[in-house]
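Report on the following structure.
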Amino acid sequence: MDKFVVNIIHRPEMVPEYAEKVTGQGREEDIGRKSLLTESLDIFKTQQECAHKNGLKTTIQMTYASLFNEEAISLAKAHHEEFGDEIGLTLLGLPCKEFREKYKTKDFCIWMFSMEDKMSIVDDVFGKFREVFGFYPESTGSYYMDAELTNYIKSKYPSVKCAVATCWEEGPKAYHTCNNSWYTFMDGGPWAPWIPSKQNTHAPAANEEEDSGIVAIPHLSRDLIACYDGNGSNFGTHPQNVLRGMIYDSKTWDYPYLYNLIDQYRSLEKYNNGYAYNMMFVGPGWMNKMGRWEAPYELLKKSYEDGCAYYGKLKKEGKLVDMTMSEFADYYREKKSYTEPECALWRDILYGSDKQLFWYCDPYMRACVNMDQGGAIVDLRPYAAKLEWPVGIGTPHIQDASYPFLIQEKYRAGYFTHYAGEGTVRSAKITYKGEEVDLCQCRTKAHFSQEGSERILTLDPVDIEFSDLTVKLQTRIIFAEGSGAIRTERRILEMSNPDAEVDINEYMVACYGTTEYTEDMSDIKLSCVGKEDINLDYEYKCREESLEDADAVTAVVPPIKTKVSLQAEGRVKTGYIREGYAFSPMFTLGYTSKLSDKEVFTTWLKLEREN
């Protein structure tokens with residue numbers, strides 16, 4: 001049976017993020033202030049009531065602070081017995097008097113501590129949980145959980161089977177919209193549940209050997225266009241995200257966008273063998289009595305009541321299944337195989353455009369295809385490398401947990417770029433008698449289909465007009481499960497002059513990094529592979545080499561242990577490589593060929609680990 005599964009997760013944060021400053025109203029900081037603790041608990045009770053009166057069960061993720069509060073403990077036990085709520089444990093909500101007195105820090109992000117402190121904190125929190133409840137939890141989580149942390153928890157507390165493990169696209173975009181003060185970077189992960197690999201939380205496990213032992217879920221279900229283009233914290237199925245984004249009628253307090261967003265997540269079952277997922281993960285700080293996001297408490301409460309009511313309505317209609325986190329972990333492992341991808345053909349439901357993105361995620365890559373740019377690949381993360389990326393104090397990446405990209409249009413320009421230089425993108429150019437058109441300029445729409453283990457995007461044909469020739473061209477993009485490869489087919493359906501011949505240039509402009517700022521490209525090696533290999537060590541000299549009938553053109557990127565290659569199939573083909581220069585520090589892999597009426601040119605983009 002097709003299923004739309006929802007996780008509703010509440011946490012009794014006794015000291016919610018931001019709330020102390022609001023309730024304190026200028027007084028000296030006191031995270032033990034009774035009014036703060038009382039209000040936090042009252043809000044948690046309200047959130048639980050919103051879910052229960054709509055027939056929904058929750059996962060109560062106890063915070064460290066709540067484990068010292070008898071009323072919070074009693075509520076969790078009572079709701080477990082009466083409503084079937086799961087009692088889990090979150091690594092959010094660490095700050096409290098007991099924590100600060102022991103660790104002498106205001107840090108609260110578990111993945112940013114040293115590994116020594118991570119283990120000590122986990123043992124403290126899990127030990128306190130067992131002391132209170134008499135058992136260890138089956139679920140845990142944070143905004144992000146790095147691989148070393150996850151591996152430690154699973155080895156020491158094997159009962160854990162599910163965890164909130166990343167927040168989708170919380171990177172530089174989120175940082176900039178928090179006045180450059182939110183030092184957490186975790187771009188590049190899945191937007192839907194996955195089984196993290198032991199090597200890197202973002203990269204799904206390809207097999208049992210790589211399996212970290214948990215099922216991971218995202219921290220909030222995001223709008224896969226609005227969040228990617230802008231600040232994700234404004235565009236999620238958590239109702240107060242929508243209020244923060246000011247996406248509601250200020251007179252009627254209606255928010256159709258919230259319901260449209262939930263419905264679009266429901267629709268993803270069309271691309272994932274009958275399965276779709278959604279989640280809400282909520283702490284009391286969102287419903288402060290003083291109001292939040294320029295919205296009064298009454299609207300904050302109404303939005304949450306309405307959100308739960310919509311889920312409750314779907315459940316009554318048989319269109320939704322509510323699960324606890326541990327129940328979902330069991331369901332997910334029965335439903336999904338390691339190599340089965342997560343797919344999302346996503347349309348704009350906020351701005352009124354016709355924009356359409358396709359997202360694909362499996363153990364070898366995360367890729368985004370933009371139909372407004374003719375089916376160009378505008379985001380590409382090489383999960384095949386399973387890049388080990390330790391995070392926290394004492395590592396090279398204290399705050400930056402992002403999985404590096406090869407292509408990222410928001411941080412490295414994409415097609416529409418500066419008057420000089422290039423941006424990262426995977427596209428094609430068609431040339432005729434000196435005139436050139438990049439398919440990035442040809443907006444189109446995509447249609448999804450599945451044939452065996454292949455997920456296929458068939459794009460509507462585009463008309464390319466030259467001064468004395470019109471070409472109707474169709475693109476198909478094929479993701480072959482378990483291959484780490486993307487196949488692209490360009491087919492000429494018709495020409496105004498059937499005897500004409502056009503040139504095609506299939507190309508990929510790439511680099512690597514996690515932010516807007518360039519990395520040192522000096523270790524990259526470019527190659528044309530064939531009868532006689534041609535190699536270029538990257539030296540920022542703007543050099544280009546080509547090889548007729550090349551078997552492959554490749555780039556080895558040692559800093560992210562990645563090898564990326566293009567291969568081609570056609571009657572005449574020439575592979576080429578190009579290094580960039582200091583002002584445009586990219587590299588380009590490509591193939592050129594000729595196309596006549598009714599002909600097809602096929603290329604493969606392949607990702608591998610290189611070490």
Side-chain angles (χ1 to χ4, degrees), residues 2-9 47 50-51 54 56 164 166-170 173-174 177 189-193 217-250 252-272 275-282 286-287 292-293 295 299-315 317 319-322 342-359 361 368 370-371 448:
D2 291 352
K3 281 191 177 179
F4 176 47
V5 181
V6 171
N7 284 148
I8 296 177
I9 305 163
Q47 291 168 340
C50 287
N54 287 289
L56 304 166
V164 180
T166 197
C167 205
W168 197 70
E169 298 309 270
E170 286 277 327
K173 293 190 294 292
T177 51
W191 64 90
I217 60 176
H219 177 276
L220 305 183
S221 297
R222 306 291 203 186
D223 184 322
L224 301 187
I225 286 181
C227 172
Y228 181 68
D229 286 349
N231 177 21
S233 296
N234 293 347
F235 314 108
T237 55
H238 181 344
Q240 275 122 35
N241 267 193
V242 175
L243 300 188
R244 177 154 63 178
M246 310 292 281
I247 315 167
Y248 63 94
D249 188 311
S250 61
T252 64
W253 284 3
D254 291 330
Y255 15 72
Y257 170 71
L258 172 64
Y259 308 125
N260 290 336
L261 187 54
I262 293 169
D263 285 349
Q264 183 148 205
Y265 265 97
R266 289 172 58 202
S267 76
L268 296 188
E269 54 89 15
K270 293 183 289 190
Y271 317 116
N272 296 287
Y275 149 80
Y277 175 85
N278 194 219
M279 72 93 77
M280 290 200 300
F281 186 22
V282 186
W286 290 93
M287 288 167 66
R292 293 289 301 279
W293 321 129
L299 176 54
L300 298 174
K301 184 180 178 186
K302 178 183 182 293
S303 70
Y304 201 68
E305 289 175 331
D306 290 349
C308 287
Y310 190 62
Y311 286 124
K313 172 177 173 286
L314 292 174
K315 182 179 179 180
E317 294 171 352
K319 298 174 181 175
L320 176 150
V321 181
D322 56 322
E342 189 77 29
C343 300
L345 185 53
W346 196 267
R347 62 188 180 86
D348 171 33
I349 54 170
L350 178 58
Y351 298 113
S353 75
D354 288 330
K355 187 171 183 177
Q356 201 184 35
L357 298 180
F358 178 73
W359 288 94
C361 176
C368 180
N370 187 344
M371 265 47 73
F448 176 88

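What you see is a predicted model; the values in this text were computed from it and never measured.
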In terms of heavy-atom contacts, H219 and C167 come closest through ND1-SG, 3.2 Å
So, does R244 use its side chain to make a donor-acceptor pair with the main chain of S233 at under 3.5 Å? yes
Can you check side-chain hydrogen bond (donor to acceptor under 3.5 Å, both in side chains) on N54 and Y310, steps first, answer last? CA-CA 9 Å; N54 287 289; Y310 190 62; over 6 Å; no
Shortest non-hydrogen contact between G230 and K173, atoms and distance: O-CE, 3.5 Å
The single option from N241, N278, N7 passing side-chain hydrogen bond (donor to acceptor under 3.5 Å, both in side chains) against S221: N278
Quick check, are the ring centers of Y228 and W359 under 6.0 angstrom apart? yes
Would you name the heavy atoms of I225 and D348 that are closest together and state the gap between them? CD1-N, 3.5 Å
Are the side chain of Q240 and the backbone N or O of L300 linked by a donor-acceptor pair below 3.5 Å? yes
Is there a donor-acceptor contact under 3.5 Å from the side chain of K315 to the main chain of D322? no
Give the minimum heavy-atom separation between P193 and Y275, together with the two atoms involved. CG-OH, 3.5 Å
May I ask you to decide if G189's main-chain N or O and W168's side chain share a donor-acceptor pair within less than 3.5 Å? yes
d(N231 CG, T177 OG1) to nearest 0.5 Å is 3.0 Å
I need the minimum non-hydrogen distance between L56 and G312, along with the two atoms involved. CD1-N, 4.0 Å
To the nearest 0.5 Å, atom CG of L299 lies from atom OH of Y304 at 15.0 Å
Could you walk me through whether D306 and Y255 pass the side-chain hydrogen bond (donor to acceptor under 3.5 Å, both in side chains) test, one step at a time? CA-CA 10 Å; D306 290 349; Y255 15 72; 2.5 Å; yes
Closest heavy-atom contact between S303 and L243? OG-CD1, 3.6 Å
